[in-house]
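Quick notes on the structure that follows.
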There are 2 protein chains.
Amino acid sequence: MAIKILLYDDNEALRQSMETLLSEEPDLEFMAGIPNAETVETDVRQLEPDVILMDIDMPGVNGVEAVRRIRKFAGELPIIMLTVFDDNENIFRAICAGASGYILKRYASLEVPAAVRNVLSGGAPMTGTVARKVLLMIPPAHNPDQEKTDLSEKEISILQLLVQGFSYKMIAAQLKISHDTVRFYIKKIYDKLHVHSATEAVSKAIKDGLV
Amino acid sequence: MAIKILLYDDNEALRQSMETLLSEEPDLEFMAGIPNAETVETDVRQLEPDVILMDIDMPGVNGVEAVRRIRKFAGELPIIMLTVFDDNENIFRAICAGASGYILKRYASLEVPAAVRNVLSGGAPMTGTVARKVLLMIPPAHNPDQEKTDLSEKEISILQLLVQGFSYKMIAAQLKISHDTVRFYIKKIYDKLHVHSATEAVSKAIKDGLV
DNA sequence: CCGGATACTACATGATAATGTAGCGGATAT
DNA sequence: ATATCCGCTACATTATCATGTAGTATCCGG
């Protein structure tokens with residue numbers, strides 16, 4: 001049974017060329033090309049595609065928002081972005097919304113058929129330059145830390161509560177230890193983290209991934 | 001001129017099979033297969049490969065560490081990880097270290113030649129399942145927030161200082177405003193963020209990407 | 001059995017934070 | 001022009017925090 005593909009794009013010419021492209025692949029079936037994502041929920045529920053190709057720049061509901069809506073009721077349905085935008089901002093938003101792949105239109109005819117098959121086998125098809133940018137999105141925050149601030153188990157649990165905004169009193173009640181013991185541990189935490197206030201400790205804890 | 005490829009892998013059989021594989025590609029040249037990364041700096045400087053294929057599990061210096069070392073003097077040199085590990089931990093570390101691609105060994109014979117060409121054209125070749133995991137690494141923090149906690153410019157600058165562990169006094173001095181004005185703004189920030197302490201505010205600010 | 005390391009509790013003190021109320025000047029609008 | 005809002009300042013009160021010093025109990029190895 002052929003792979004059923006649903007396309008969202010406001011460009012008439014592109015919809016037609018994608019239909020032509022996909023009709024040449026015997027294992028792929030072009031279901032429909034829809035020019036806007038206003039009714040994306042009902043579209044998808046009725047048509048039940050195997051893969052969705054999604055443009056970003058569309059009037060009304062844009063492609064990223066459409067992905068977000070689909071993800072609310074179809075968490076696993078593969079959605080491949082198909083767009084001219086290759087800036088970090090759009091790539092990042094699309095991925096955060098839940099896109100499963102990202103192909104640039106100028107490589108569409110070359111890459112889309114393979115991308116559709118790839119995404120169904122558990123992959124995440126991306127045009128080369130996009131993939132490169134995605135890799136660069138990974139480390140920016142997590143790169144410069146030194147990792148080895150070893151806090152004891154108890155210290156970490158206290159730090160976690162602190163991060164959640166608990167006062168010393170509340171922490172003491174929660175952990176069933178004395179108010180002063182909380183102070184004692186927090187002092188040790190400050191020493192190990194080289195900070196002198198709760199806000200600094202929380203900041204460091206989150207940024208260094210200690211919680 | 002053929003693309004010169006340098007391989008690091010402690011497995012003799014794999015080195016040979018990669019040599020065989022690459023020798024069948026006229027545009028690719030297998031330079032050498034090195035069983036450990038102890039001398040990676042001098043190796044790379046002397047051999048000047050166009051692309052490096054890097055195993056992770058090697059005695060002595062592991063592949064991730066080797067990538068880190070190479071990145072110190074060759075920031076752009078393409079390095080493709082070639083490993084059996086497909087766990088998030090290894091993938092994440094490799095990417096943070098500066099890997100340009102990530103191929104699983106069981107798909108090596110299929111994917112390596114294309115991956116080499118791809119990486120040189122600015123791509124980031126990854127085995128499908130790896131790419132999928134990379135996408136999932138992107139959103140975890142930035143996903144669930146609603147983005148619309150609109151703080152004024154001044155409120156944000158105060159919040160930033162608060163995150164850095166500044167006291168009210170220090171913020172007042174830094175921004176050249178009154179101590180009480182700082183209080184005034186922080187109160188407003190608390191209202192908008194629905195919190196009642198500095199630690200909560202800092203936590204929310206970082207997690208919601210307000211700073 | 002002792003000295004010491006650990007884990008926890010206790011008390012004290014000065015500083016800082018949290019929250020409320022209120023006054024003032026400038027900008028806006030009606 | 002006057003009422004109102006906004007940015008900023010001010011003062012007051014109570015709670016909470018940061019830090020230091022010190023005491024108790026338990027466990028461990030010598």
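Within every chain, numbering begins at 1; the chains are lettered A, B, ... in the order of the sequence lines, protein sequences first and strands thereafter.
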* Heavy-atom pair with the smallest gap, counting every atom of A:Ile56 and A:Asn62 -> O-CB, 3.3 Å
* Ion pair B:Asp191/B:Lys188, N-O distance below 4.0 Å -> no
[atom1] of [X] versus [atom2] of [N]: gap in Å, rounded?
{"X": "B:Glu153", "N": "D:dC6", "atom1": "CD", "atom2": "P", "result": "18 Å"}
{"X": "A:Ile158", "N": "D:dA18", "atom1": "CD1", "atom2": "P", "result": "13 Å"}
{"X": "A:Ile171", "N": "D:dA18", "atom1": "CD1", "atom2": "P", "result": "10 Å"}

List in chain and number order the residues that pass side-chain contact (heavy atoms from CB on, under 4.5 Å) with [X], two or more places apart in sequence or in another chain; answer none if no residue qualifies.
{"X": "A:Arg132", "value": "B:Ser100, B:Val119, B:Ala124"}
{"X": "B:Arg93", "value": "B:Val64, B:Glu89"}
{"X": "B:Ile156", "value": "B:Leu151, B:Gln160"}

Report, one pair per line, the protein and nucleotides 26-28 of chain D atoms (nitrogen or oxygen only) whose separation is under 3.5 Å.
none

* Asked: Base, sugar-phosphate, or nothing for B:Lys188, non-hydrogen atoms under 4.0 angstrom?
  -> sugar-phosphate
* Which nucleotides of nucleotides 14-23 of chain C have their base under 4.0 Å from a protein heavy atom (B), which only their sugar-phosphate (S), and which neither (-), written as one string 5' to 3'? -> --SBBBBB--
* **Close side-chain approach of A:Lys187 and A:Arg183, heavy atoms under 4.5 Å** => no
* Asked: Is there a donor-acceptor contact under 3.5 Å from the side chain of B:Ser203 to the main chain of A:Gln164?
  -> no
* **salt bridge (charged side-chain N to carboxylate O under 4.0 Å, His left out) contacts in which one or both residues fall within residues 43-67 of chain A, not counting sequence neighbours** => A:Asp55-A:Lys105, A:Glu65-A:Arg68, A:Glu65-A:Arg69
